[in-house]
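Sequential numbering from 1 along the given sequence is applied to the chain's residues.
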Amino acid sequence: MFNTLFDQVDSIIVRDPAARNRLEVITCYPGLHAVWIHRVSHSLWNLGLKWIARLLSMISRWITGIEIHPGAKIGRRVFLDHGLGIVIGETTEIGDDCTIYQGVTLGGTSLYKGVKRHPTLGKGVVVSAGAKVLGGFTVGDGARVGSNAVVLKEIPAGATAVGIPARILHPDLPQVASTDSKTKEYFSAYGVTPNVDDPVSMALKGLIDATLEQEAKIAVLEKALAKLSNAPATSQDTGEASDTKRDLGALKEWLKE
C-alpha cells in the first residue's frame, strides 16, 4: 500500500517542477486527494453501494473541485495537475502514467445506458488545460491533446491533437511511459509538441508555393506573347504581378511564425 502511495507521489514530483518534496505533494495537491478518494468510491461502486459511492464522489468534488464518477477506471500514477474543473465520466478508462490538466472534460455523447459513452486513455497520455475529449473512442498510448482542443474521434498512439475539432499531428519526441529520468526529459507539459507544424498551415504554405510558381509561369508566358505580338508588357501589369508576389510572400512568412 505504502509503496503504491509513494510511487504515485514520486511520479508527480517527476512531472511537476513546482513539487519540492513528498510532504508538500501529499498535503497540498488536490488532484492527488481526488484520486485517493476515487479509489474508495470506486470500490464502493463495485460492491454495489452506488448511492454511497456517488455521495463520496460529490464530497470529493466539493473539497477538490474535481468531479470523478465512481464508475470510472483510473490506472496507476495518474496525475491531475491543478485539477480544478476536471470532469471524468462514468465509463471513462484512464491508463497508467496519464497527466490531465485543469478544466478537462472526459465526456460522453450518447444517452444510452449500459454502453461505452466516455473515452479510454492509453498509457502516458497528456490532456492539456481546457480540452474536451467526447465519445467512447480510444486515445492511444503516449498521445497528447492540446489546450482547448475538442476531440471527437480516435487519436493514434504517439500523435498530438489540436484545434476545434481536433486535427492530428504526428509526434517528434520519443514516447516513454515510466517514472525514471527519461520521463522527466521527454515529458510534454500541457501537451506541447515543439517543431511540429499545423497541417492546415502546411496546406496553406503549399497553396502559396503553387500560386507563386503559377505567377512566375504566367509572367514568362506574357513576355513570350508580347514578343510574338511586338507589344511589350505594360509596366502596370508588371507592377500588379510584383505586388501580388510580394503579398503572397508576406503571407507565407506570417504562416511560418
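The main-chain N or O of T91 is never found under 3.5 Å from a side-chain atom of H69 such that the two would form a donor-acceptor pair. The backbone N or O of I66 lies less than 3.5 Å from a partner atom in the side chain of T64, making a donor-acceptor pair.
Residues L56 and H38 are not in side-chain contact: their nearest non-hydrogen atoms beyond the backbone lie 4.5 Å or more apart. Proximity of Y29 to V9: side-chain heavy atoms (C-beta onward) are nowhere separated by under 4.5 Å. Residues K113 and E90 fail the side-chain proximity criterion, which asks for heavy atoms closer than 4.5 Å. When side chains are defined from C-beta on, V104 does not count as touching V145, because their heavy atoms never get closer than 4.5 Å. No side-chain heavy atom of K116 sits less than 4.5 Å from a side-chain heavy atom of F137. For the pair P70 and L44, the minimum side-chain heavy-atom distance is 4.5 Å or more. Contact annotation: the side chain of L106 approaches that of I100 to within less than 4.5 Å [non-hydrogen atoms, C-beta and beyond]. In this structure the side chain of V25 never reaches within 4.5 angstrom of the side chain of D16, judged on heavy atoms.
Atom CG of D81 sits about 8.5 Å away from atom CD1 of I12, to the nearest 0.5 Å. Put simply, NE2 on H33 and CG on L80 are 11.5 Å apart, with the number rounded to the nearest 0.5 Å. Once rounded to the nearest 0.5 Å, the distance linking CG of L47 with NE2 of H42 reads 10.0 Å. Atoms CZ and CG, on R77 and D7 in that order, are 5.0 Å from each other to the nearest 0.5 Å.
In the hydrophobic clustering, where aliphatic and aromatic side chains (Ile, Leu, Val, Met, Phe, Trp, Tyr) are joined below 4.5 Å either directly or transitively, L134 groups with V150, L152, I164.
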| task | Given salt bridge (charged side-chain N to carboxylate O under 4.0 Å, His left out), test D96 with R76 step by step and report yes or no. | result | CA-CA 5 Å; D96 298 342; R76 297 176 298 170; 3.4 Å; yes
| said: With side chain to side chain contact (heavy atoms under 4.5 Å, CB included) as the criterion, how do Q8 and V35 come out once you've worked through the C-alpha distance, each side chain's angles and the decisive distance to 0.1 Å? | reply: CA-CA 10 Å; Q8 184 168 7; V35 172; 3.5 Å; yes
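Note: the hydrophobic cluster containing M58 does not contain W62 (ILVMFWY, side chain heavy atoms under 4.5 Å, direct or indirect links). Linking ILVMFWY residues whenever their side-chain heavy atoms come closer than 4.5 Å, directly or via other members, places L121 and I74 in the same cluster.
A salt bridge does not link D141 to K123: none of the charged side-chain nitrogens sits closer than 4.0 Å to a carboxylate oxygen.
The local environment of NZ in K50 is crowded, with over 12 non-hydrogen atoms from other residues, nucleotides or ligands closer than 6.0 Å. Within 6.0 Å of CG on L111 lie no more than 12 heavy atoms contributed by other residues, nucleotides or ligands.
The only option from V125, V162, T160, V127 that meets the side-chain contact (heavy atoms from CB on, under 4.5 Å) definition with R144 turns out to be T160.
A donor-acceptor contact closer than 3.5 angstrom is absent between the side chains of H118 and T92.
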